[in-house]
Q: 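To start, I am sharing the structure in question, which I have written as structure tokens.
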There are 2 protein chains.
Amino acid sequence: MTTCKHEHEHKTPEQLLTIAQQICDQRGRRFTKLREHVFTLVAKSNSPIKAYDLLDQLRPEFGSPKPPTVYRALDFLSGLGLVHRVEALNAYIACDHSLGGHIAEFFICEKCENLEERSANDHIDCVPEGFEIRRSVIEHYGICKNCAA
Amino acid sequence: MTTCKHEHEHKTPEQLLTIAQQICDQRGRRFTKLREHVFTLVAKSNSPIKAYDLLDQLRPEFGSPKPPTVYRALDFLSGLGLVHRVEALNAYIACDHSLGGHIAEFFICEKCENLEERSANDHIDCVPEGFEIRRSVIEHYGICKNCAA
DNA sequence: ATACAAAATCTTATGTTATAACGCCGCATA
DNA sequence: TATGCGGCGTTATAACATAAGATTTTGTAT
């Protein structure tokens with residue numbers, strides 16, 4: 001286990017939104033007002049955000065949305081790789097596209113709830129023979145540098 | 001990413017039960033009938049089993065148990081490292097103690113639902129500086145050798 | 001044996017996360 | 001202008017999990 005020395009810039013919500021729109025265009029899918037709004041809420045959140053918190057935040061501009069509304073938007077966005085679901089938190093974050101095509105790997109501070117995204121590309125070293133990986137969930141929970149101090 | 005050549009024996013439910021009892025004894029905790037029964041059900045299941053399925057299977061010998069009954073038993077067992085929770089499935093498996101102290105890593109076939117447990121000990125290679133990992137969730141989903149055929 | 005404290009369990013109620021099913025509307029295209 | 005589909009609203013319910021308090025069981029000291 002080695003520490004990573006790279007610099008990891010964080011994109012602004014505005015930059016993420018621009019990228020998201022481009023990706024959506026390229027795929028010929030529609031980036032509707034609702035989807036844009038949900039994406040923006042996720043991108044602006046400092047830590048992984050929950051579906052029902054998104055629901056709350058959609059009100060009242062978007063009326064009184066019901067769960068399927070936000071889950072459909074999240075499904076759409078994650079299908080395009082624009083957001084990731086953090087499995088052990090039941091929560092969602094905007095994908096950091098700095099990392100290129102990658103297997104997402106998360107480091108989540110249990111104190112400040114901050115999340116760092118990394119790429120896990122090449123370090124899975126003990127795959128059962130003949131097993132074809134389609135999707136991986138890699139999440140590390142602990143204490144970040146700031147909170148340790 | 002490399003394929004693993006080790007042989008991985010699977011213990012029988014009976015062997016797992018014996019080990020579980022020993023571990024429980026060592027820690028001076030009580031392996032009650034309820035806990036034993038829950039553990040046995042998890043150990044006998046071929047794939048990760050869900051809390052409410054456990055509830056169903058406890059009936060009628062254990063009366064009409066309610067959710068807290070099974071969640072308490074699962075908490076106890078996972079606290080001792082006797083079972084693991086599979087986050088992306090909301091399901092539970094018996095720990096395979098062949099691997100020794102380890103970070104559990106799972107390979108789950110989406111067709112047959114079979115699960116292989118491995119040790120992920122040494123291949124986390126890009127930890128943010130100063131981040132102290134307390135717990136990791138590593139789950140790979142895909143198609144196993146048998147189902148690919 | 002008996003009393004006590006702690007651990008384990010049961011019960012009720014509720015909180016949280018997610019989806020099924022159906023219908024409507026607006027837009028692209030033929 | 002018909003028609004087909006994507007997107008979204010709405011109702012209802014499924015699935016997963018925990019809070020809080022009463023009660024029982026168990027180990028320990030007397």
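Within every chain, numbering begins at 1; the chains are lettered A, B, ... in the order of the sequence lines, protein sequences first and strands thereafter. Predicted, not measured: the structure shown is a model, and the values here were computed from it.
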Q: Applying the 5.5 Å / 30° rule, does A:Y52 stack onto the base of C:dT16?
A: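 Stack criterion not met.
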Q: So which nucleotide from D:dT18, C:dT12, C:dA18 ends up closest to the side chain of B:K66?
A: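 Of D:dT18, C:dT12, C:dA18, C:dT12 is nearest to the side chain of B:K66.
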Q: Tell me: CZ of B:F76 to P of C:dC10, nearest whole Å?
A: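 My rounded result for the distance is 15 Å.
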Q: Quick one: is C:dA18 close enough that its OP1 or OP2 comes under 4.0 Å of any side-chain N or O from A:Y92?
A: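 Affirmative; the distance criterion is met.
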Q: Can you see whether A:Y141 has B:R135 sitting over its ring - NZ or CZ less than 6.0 Å from the centre and within 45° of the normal?
A: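 Positive - B:R135 is close enough to the ring of A:Y141 and near enough to its axis.
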Q: Is the phosphate of D:dC8 approached by A:T32 (side-chain N or O, under 4.0 Å from OP1 or OP2)?
A: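 Yes, such a contact exists.
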Q: According to a strict under-4.0 Å criterion, is A:R85 in side-chain N/O contact with OP1 or OP2 of C:dA18?
A: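 Answer yes for this pair, as a side-chain N or O of A:R85 is under 4.0 Å from OP1 or OP2.
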Q: Atom CG of B:D53 and atom P of D:dA15: how far apart are they, to the nearest Å?
A: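 So the CG-P distance, B:D53 to D:dA15, works out to 10 Å.
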Q: Ignoring hydrogens and geometry beyond distance, is the side chain of A:R72 in donor-acceptor contact with the base of D:dG9 at under 3.5 Å?
A: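 It does, because a donor-acceptor pair links the side chain of A:R72 to the base of D:dG9 below 3.5 Å.
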Q: Find the distance A:L77:CG to D:dC8:P and express it as a whole number of Å.
A: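 So the two atoms are 10 Å apart, to the nearest Å.
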Q: Using atom NE2 of B:H37 as one end and atom P of C:dC10 as the other, report the distance to the nearest whole Å.
A: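 Rounded to the whole Å, the gap is 12 Å.
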Q: Specify the separation, in whole Å, of atom CZ of A:F31 and atom C1' of D:dC8.
A: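 Atom-to-atom, A:F31 to D:dC8, this comes out as 16 Å.
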Q: Which whole-number value in Å describes the distance from A:F62 CZ to D:dG9 P?
A: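 After rounding, the gap between these two atoms is 9 Å.
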Q: Check every atom of C:dT12, C:dA18, C:dC10 against the side chain of B:L34 and return the nucleotide holding the closest atom.
A: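 When the side chain of B:L34 is considered, C:dC10 is the closest of C:dT12, C:dA18, C:dC10.
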Q: Checking B:Y92 against B:H84 for the ring pair (Phe, Tyr, Trp, His ring centres under 6.0 Å) test, could you report, in this order, the C-alpha distance in whole Å, the side-chain angles of both residues, the deciding distance, and whether it holds?
A: CA-CA 6 Å; B:Y92 302 84; B:H84 295 300; over 10 Å; no
Q: Using heavy-atom distances to pick each residue's nearest nucleotide on DNA chain C, tell me which of A:R30 and B:T69 is more 5'.
A: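 The 5'-side residue here is B:T69.
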Q: When you measure from the side chain of A:Y71, which nucleotide among D:dT10, D:dA17, C:dT19 comes out closest?
A: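 Output: C:dT19.
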Q: State whether A:E116 and A:R118 are salt-bridged, where the test is any N-O pair (Lys NZ or Arg NE/NH1/NH2 against Asp/Glu carboxylate O) under 4.0 Å.
A: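 Between A:R118 and A:E116 there is a salt bridge, with a charged N closer than 4.0 Å to a carboxylate O.
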Q: Between A:K44 and A:V42, is there a donor-acceptor pair closer than 3.5 Å when you use the side chain of the first and the backbone of the second?
A: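 Between the backbone of A:V42 and the side chain of A:K44 there is no qualifying donor-acceptor contact (under 3.5 Å).
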Q: Using atom CZ of A:R27 as one end and atom C1' of D:dG6 as the other, report the distance to the nearest whole Å.
A: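 Spelled out: CZ on A:R27 to C1' on D:dG6 is 18 Å.
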Q: Quick check on C:dT16: is either OP1 or OP2 less than 4.0 Å from any side-chain nitrogen or oxygen of A:K50?
A: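 No, A:K50 has no side-chain N/O under 4.0 Å of OP1/OP2 on C:dT16.
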Q: Would you kindly give the CG-to-C1' distance between B:L89 and D:dA15, to the nearest whole Å?
A: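 The answer, rounded to whole Å, is 14 Å.
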Q: Salt bridge check, A:E132 against A:R134: does any charged N sit closer than 4.0 Å to a carboxylate O?
A: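 Looking at A:R134 and A:E132, the cut-off is met.
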